[in-house]
J.: 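Take this structure first; my questions come after.
These numbers were taken from a predicted model, which means no experiment stands behind them.
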Amino acid sequence: MGDPTKRELTPENSQFTFSAQPKFSVDGNTGEKRQRKFSGVAYSGDVIKNHFYWGAVVFDLSTMSVPEKLPALIDHSRDMRCGYVTNSQLDNSSGLTVSGNLLSNEHGTSVAEESDEGFPWQMSIHIQPGSIEEVLQGSNTVVNGRSFDGPITVFKNS
């Protein structure tokens with residue numbers, strides 16, 4: 001039997017939403033269609049406070065890997081595909097930044113049209129940790145070039 005004091009990752013407690021305002025632009029003429037682009041900070045590298053299960057959480061950018069292409073979804077729903085990430089960068093100063101293209105389907109078009117009208121879209125990302133390190137009260141850790149006091153949970157190998 002496992003250690004009852006050790007917390008474990010489950011599908012229910014591994015859901016995180018990090019919200020940031022994306023930017024939208026139009027990429028010059030590509031034939032008759034103009035490709036709509038988006039960019040923004042998907043995760044800053046800072047602490048996420050007040051998670052219902054983990055409390056304070058930080059994702060270690062140095063152990064994170066990002067797939068070459070990521071889907072861009074509305075409300076994290078795979079049935080509402082609005083685009084895809086074509087470029088991502090990880091670094092301690094700006095976190096995880098992404099850029100990509102909106103699709104010309106109903107969802108991508110809706111995002112583009114609503115952003116043109118000033119709708120304040122938010123970008124969020126689902127990050128699944130591979131391992132967990134819990135830093136206890138009274139201890140300190142450095143993650144993403146920043147110092148954090150415990151209690152805090154560090155998600156690694158995401």
Side-chain angles (χ1 to χ4, degrees), residues 7 9-28 30 33-133 135 141 143-149 151-158:
R7 296 184 298 170
L9 188 66
T10 67
E12 293 78 29
N13 68 26
S14 67
Q15 296 179 19
F16 294 85
T17 300
F18 319 117
S19 297
Q21 186 74 42
K23 295 179 184 167
F24 297 93
S25 64
V26 177
D27 186 19
T30 56
K33 279 186 171 179
R34 296 181 336 161
Q35 180 69 60
R36 293 297 302 254
K37 305 272 187 186
F38 64 91
S39 63
V41 177
Y43 170 59
S44 69
D46 210 352
V47 65
I48 292 95
K49 297 179 181 177
N50 302 317
H51 185 269
F52 77 94
Y53 184 80
W54 298 103
V57 178
V58 65
F59 287 87
D60 185 348
L61 294 168
S62 71
T63 64
M64 186 179 287
S65 61
V66 181
E68 193 171 312
K69 274 193 176 178
L70 291 170
L73 310 170
I74 296 175
D75 293 330
H76 296 263
S77 172
R78 295 206 174 269
D79 293 332
M80 298 174 65
R81 298 177 298 278
C82 63
Y84 56 96
V85 171
T86 58
N87 186 39
S88 62
Q89 295 184 339
L90 292 163
D91 71 56
N92 287 343
S93 61
S94 57
L96 169 59
T97 57
V98 298
S99 60
N101 300 321
L102 291 176
L103 296 172
S104 59
N105 67 9
E106 67 177 304
H107 303 297
T109 300
S110 175
V111 169
E113 289 173 353
E114 291 173 14
S115 71
D116 289 346
E117 294 179 26
F119 184 80
W121 285 101
Q122 292 183 332
M123 183 180 295
S124 66
I125 190 166
H126 174 84
I127 300 176
Q128 183 70 36
S131 61
I132 301 165
E133 174 187 327
V135 179
T141 190
V143 182
N144 304 331
R146 303 165 202 183
S147 179
F148 298 100
D149 294 326
I152 191 166
T153 304
V154 180
F155 283 8
K156 297 184 174 203
N157 305 306
S158 303

J.: Between Q35 (side chain only) and L102 (backbone N and O only), is there a donor and an acceptor less than 3.5 Å apart?
T.: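 Yes, the answer is positive, given that a donor and an acceptor are paired below the 3.5 Å cut-off.
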
J.: With side chains defined as the heavy atoms from C-beta onward, is the minimum distance between H126 and L73 less than 4.5 Å?
T.: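 Answer no - side chains too far apart.
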
J.: What are the two closest heavy atoms between L90 and M64, and how far apart are they?
T.: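 Smallest interatomic distance, heavy atoms only, reads CD1-O, 3.5 Å.
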
J.: Could you check whether any side-chain N or O of N144 sits under 3.5 Å from a backbone N or O of F59, counting only pairs where one atom can act as donor and the other as acceptor?
T.: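 Answer holds: yes.
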
J.: Can you list the steps and then say if S99 with K37 is a side chain to side chain contact (heavy atoms under 4.5 Å, CB included)?
T.: CA-CA 7 Å; S99 60; K37 305 272 187 186; over 6 Å; no

J.: Would you confirm whether T141, through its side chain, and F148, through its main-chain N or O, come within 3.5 Å as a donor-acceptor pair?
T.: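 Not a single qualifying donor-acceptor pair exists.
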
J.: Please round to the nearest 0.5 Å and tell me the distance separating atom CD of E68 and atom CG of N87.
T.: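 Atom-to-atom, E68:CD and N87:CG are 10.0 Å apart.
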
J.: Could you tell me whether a side-chain N or O of D91 sits under 3.5 Å from a main-chain N or O of S93, the two making a donor and an acceptor?
T.: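 It does hold such a pair.
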
J.: Carefully, step by step, assess I132 and K156 under the rule side chain to side chain contact (heavy atoms under 4.5 Å, CB included).
T.: CA-CA 6 Å; I132 301 165; K156 297 184 174 203; over 6 Å; no

J.: Report yes if some heavy atom in the side chain of P71 is under 4.5 Å from a heavy atom in the side chain of R78; otherwise report no.
T.: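 Yes, their side chains come closer than 4.5 Å.
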
J.: Check S88 against L96 and note the closest heavy-atom contact, atom names and distance.
T.: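 Minimum heavy-atom contact is CB-CD1, 4.1 Å.
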
J.: Considering only heavy atoms from C-beta outward, does the side chain of V98 approach that of M123 to under 4.5 Å?
T.: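 A side-chain contact exists here, since the closest heavy-atom pair is under 4.5 Å.
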
J.: Does the side chain to side chain contact (heavy atoms under 4.5 Å, CB included) test come out yes or no for E133 and V135, once each step is laid out?
T.: CA-CA 6 Å; E133 174 187 327; V135 179; 3.8 Å; yes

J.: Do side-chain atoms of N105 reach the backbone of H107 as a donor and acceptor pair under 3.5 angstrom?
T.: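 Yes, N105 side chain to H107 backbone: donor-acceptor pair under 3.5 Å.
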
J.: Tell me the closest heavy-atom pair linking D60 and V143, and the distance in Å.
T.: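 Looking at all heavy atoms of both residues, the closest pair is CA-CG1, 3.7 Å.
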
J.: So, for T109 and S104, which heavy atoms are closest and what is the spacing to 0.1 Å?
T.: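 Shortest heavy-atom separation between T109 and S104 comes out as OG1-O, 3.2 Å.
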
J.: Are side-chain heavy atoms of V111 and R36 found at a separation under 4.5 Å?
T.: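 They are not in contact (no side-chain heavy atoms under 4.5 Å apart), so the answer is no.
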
J.: Do F155 and W54 make a side-chain contact, defined as non-hydrogen atoms from C-beta onward lying under 4.5 Å apart?
T.: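 A side-chain contact under 4.5 Å exists here.
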
J.: Quick one: closest heavy-atom pair of L61 and G95, and the distance?
T.: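 That closest heavy-atom pairing would be CD1-CA, 3.7 Å.
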
J.: Checking R146 side chain against N92 main chain: does a donor-acceptor pair fall under 3.5 Å?
T.: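 Yes, R146 side chain to N92 backbone: donor-acceptor pair under 3.5 Å.
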
J.: For V58 versus I152, what's the shortest heavy-atom pair and its separation?
T.: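 So the minimum-distance heavy-atom pair works out to CG1-CD1, 4.1 Å.
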
J.: Distance from C82 atom SG to F38 atom CZ, nearest 0.5 Å?
T.: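 Result: 6.5 Å between the selected atoms.
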
